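First the proteins, then the strands, lettered A, B, ... as listed; each starts at 1. Everything numeric here is computed off the predicted structure, so don't read it as measured data.
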Amino acid sequence: MTALRREDFCCVAREGLGDPSARIVQAMFWSGDGLYVGTGGRSRYPLGLSASALARLGPLGDRLRQRDATQQNRPIGARLWRFDPQRGDWRQIYRAPEVSNGQGECYPRDRNIRAATVFASANGPGGLYVGASAMEGAFHLLRSVDGVAFVDIPHHNLGLPPDADIPSVRALCPLNGRLYTSPVGKLRGRGMLDDNISDYPIVFETDDPEQGAWRAVSASAFGDPTNLSINELVVFAGALYAGTLNIQHGYQVWKTDVQGASPYRWRKVLERGAGRGPAASIVTCMAAFRGALYIGSALQRQGHGGLDRYGPIPGELVRLYPDDTWELVVGESRPTPQGLKVAMSGLGAGFGDRFNRGPWCLAEHEGWLYAGASDWRIFKTFLPGPDSHLSARYKAALRDSQAGYRGGFALWRTADGVTWEPVTCNGFGDDPAIYAVRTLVSTPFGLFAGTAGSRGGFQVWRGAAASASSAGNGG
Amino acid sequence: MPSSVFSIAKRGRRQLIRGKSAYTVAPPLFILTCMRSYSSLVCGMLGQHPQLYGLLEVNLLAGDTVGGVVKLFRRIRPTSLNGLLRTIAQLEYGAQTEDTVNAAWDWLHPRMNWSTRRMFEHIAAAVAPRRLIEKSPLNVMRPVFLQRMYRYFPQAYYLHLTRHPRPTCRSIQQMVEETDAKKGTRRAEELDPEGLWRRAHENILDFERQLPPGQMMRIRGEDLLSDIDGYLPQIEAWLGIDSTPTTLEAMKHPECSPYACMGPSNAPFGSDPNYLKQPHYQPRPIAEARLDGLLEFRTPRQEVFSEATRRIAQQLGYR
């Protein structure tokens, strides 16, 4: 059990591997002897709006389009990279194909890679499965048996109507020879903040992804229309767990033992943001560690008038046991219907940092659990307006902190789930545009961290104890 | 007057004589809340725990010195001194009568130069080893009051008690209208209950940010009063005090407090008059209010809750 320290990390990819508009590593996984990194970029239209949303803006929409064309902000589309840590080289193994709208305009078919897994079904050859978000229409599911060549496989709109708006999936989760997913995002009628909501907050299952034989195995939104999407799926103690986005009441977590006929019997094991309410609106990550399921949560950005204007509201971490009891690890101590919950780490929300939006990814590596976080200060929504009643001292503190922000993110580690130590609180002090760790993957060649940045392209960091760090670092 | 309170007062004085600061022995509990948010009942209930002592609204945090506080309230709202006078009457003279309230005035006069901190310490020592509970809604209306509280009691426990803004505002409006009717004043016309609610909770949330984890606990009054068997033991656990069926049963009887009644004619109040008239806890369902919809109380600016109020309410778990 070797704990990784700040000096054990080195950057193996920077500046989006040559494309600064690829700002975030949405998906990362290890297979064979390579690290796979899924990225992408902006949507087809400015500000992430849909064509219809732009049309509704009238002249403003036209100006946005013109400005976009002038700046040649062409979307780069989804890309999948493979890193060989022994040789230290990167290879692009998938690039979204170009498609035409029939009016002379070409654009990448896929916007980004948001979901990936290694899966072997009872009938098929198995391989690597990747969910690619679509610029238009439904997402695409790709499979590779050799880890290099990726081909489309059908998903038949997950059994939904042909016109279903399902542009993306965020989770591909294997369990007992079956694969599970849930769509997220909306393209039609799309606003700026629609990436995490869905018309179909349903868990789907297949035991034959090659044939695209998907079926719904949960009620829509688990029967609660305030659940806007199912963002996280994870297996823990033989059960499937699903985490929701619920802006109105706070996130929920549901579980099923996937036994019997579908739709399976699901049981709600956490609600109202684990008692915190709408300030914990979304499950950001889940990971099993030492007999408990660790669940990160945060406040989803909500745009003008949203709760995030009243922040910064830092995120939390709870841990859930197979018997459905739970403990607060990092966060606001509080009474709850399940009893008094005191932050057992001694750390308040945001690991004690009010600008820490909360954990965005979790991964176990060599006996330690790592939590990669995101920083609020990249989004200035919380800065108080002139009508705020906040004390002058606190307002000044917020503005000073914003002014002094030089980028970076926090990465924390724990060996027991209770005692947390920072690995870095400033993103290794490397790039002021990087504000989060989005993905963490444990590999035989170390712990890899994929970042999110506001500009300049993503980074990938590799953390390896000194004895293992002699392998190629590339980048 | 129960003799035990006399003995408590004597013991407290002995502690002060020995130079032992009471608040360092047992950090007090402050209930931070907007007015008309169940704080009288909750303070009364918690105050019946054998290790706690629920005060009336003493409003001492409005100033640095006792004289300053007395001068302030004599000028703007003399009834705000009722809680302090009744408390002194009770602790120093063992009863709350017109005579003991007059005696309390006499007791206060030579102590006008005391700091309000010293007065708090004196009261805390008088009730030691029971721990003080203070709930004056005024405490949260200005950040300077909250900072004074923290300066005096950095080890205190802070319970953020919330209530949905709609019934809170309605209750504030009703209270002021009733007062207007009695006194012939027209304060209700200038009232901004929504602004009061928002300012109180913004100040509390602002204050919370400086506290280490666990020093402040937030609870919705609606949840607490709907399930006191579930939540009161959690508050006991948080405060680190005994939690037994006996303590729980005691807390179900706020009417047993010497302050759970109207005071004498020269200091009748000190808390919510409705509570003072009917201090019993009666389990009852609390109707769920909504943020949406027209406001049924007077507001100087709009007919629905402002965006800022709605968002704070949502943050506190209201819809």
Evaluate side-chain contact (heavy atoms from CB on, under 4.5 Å) for B/R319 paired with A/H249, printing each intermediate quantity in order.
CA-CA 8 Å; B/R319 289 186 290 163; A/H249 304 298; 2.6 Å; yes

Which heavy atom of [X] sits nearest to which heavy atom of [Y], and what is that distance?
X	Y	result
A/L340	B/W238	CD2-N, 3.5 Å
A/P335	B/I219	CG-CD1, 3.7 Å
A/T336	B/Q234	O-NE2, 2.6 Å
B/P213	A/G348	CG-N, 3.1 Å

Structural part of A/R334 lying under 4.5 Å from a heavy atom of chain B:
both

From B/D223 CG over to A/R272 CZ, what is the distance, rounded to the nearest 0.5 angstrom?
7.5 Å

Between atom CZ of A/R354 and atom CD of B/E208, what is the distance when rounded to the nearest 0.5 Å?
11.0 Å

For atom CZ of B/R170, is the number of surrounding heavy atoms from other residues, nucleotides or ligands below 6.0 Å larger than 12?
yes

Does atom CZ of A/R290 have more than 12 heavy-atom neighbours from other groups under 6.0 Å away?
yes

Is it the backbone or the side chain of B/Q147 that comes under 4.5 Å from a heavy atom of chain A, or both, or neither?
side chain

Which portion of B/R218 sits near chain A, non-hydrogen atoms under 4.5 angstrom
both

Donor-acceptor contact present, side-chain B/Q314 to main-chain A/P278, <3.5 Å:
no

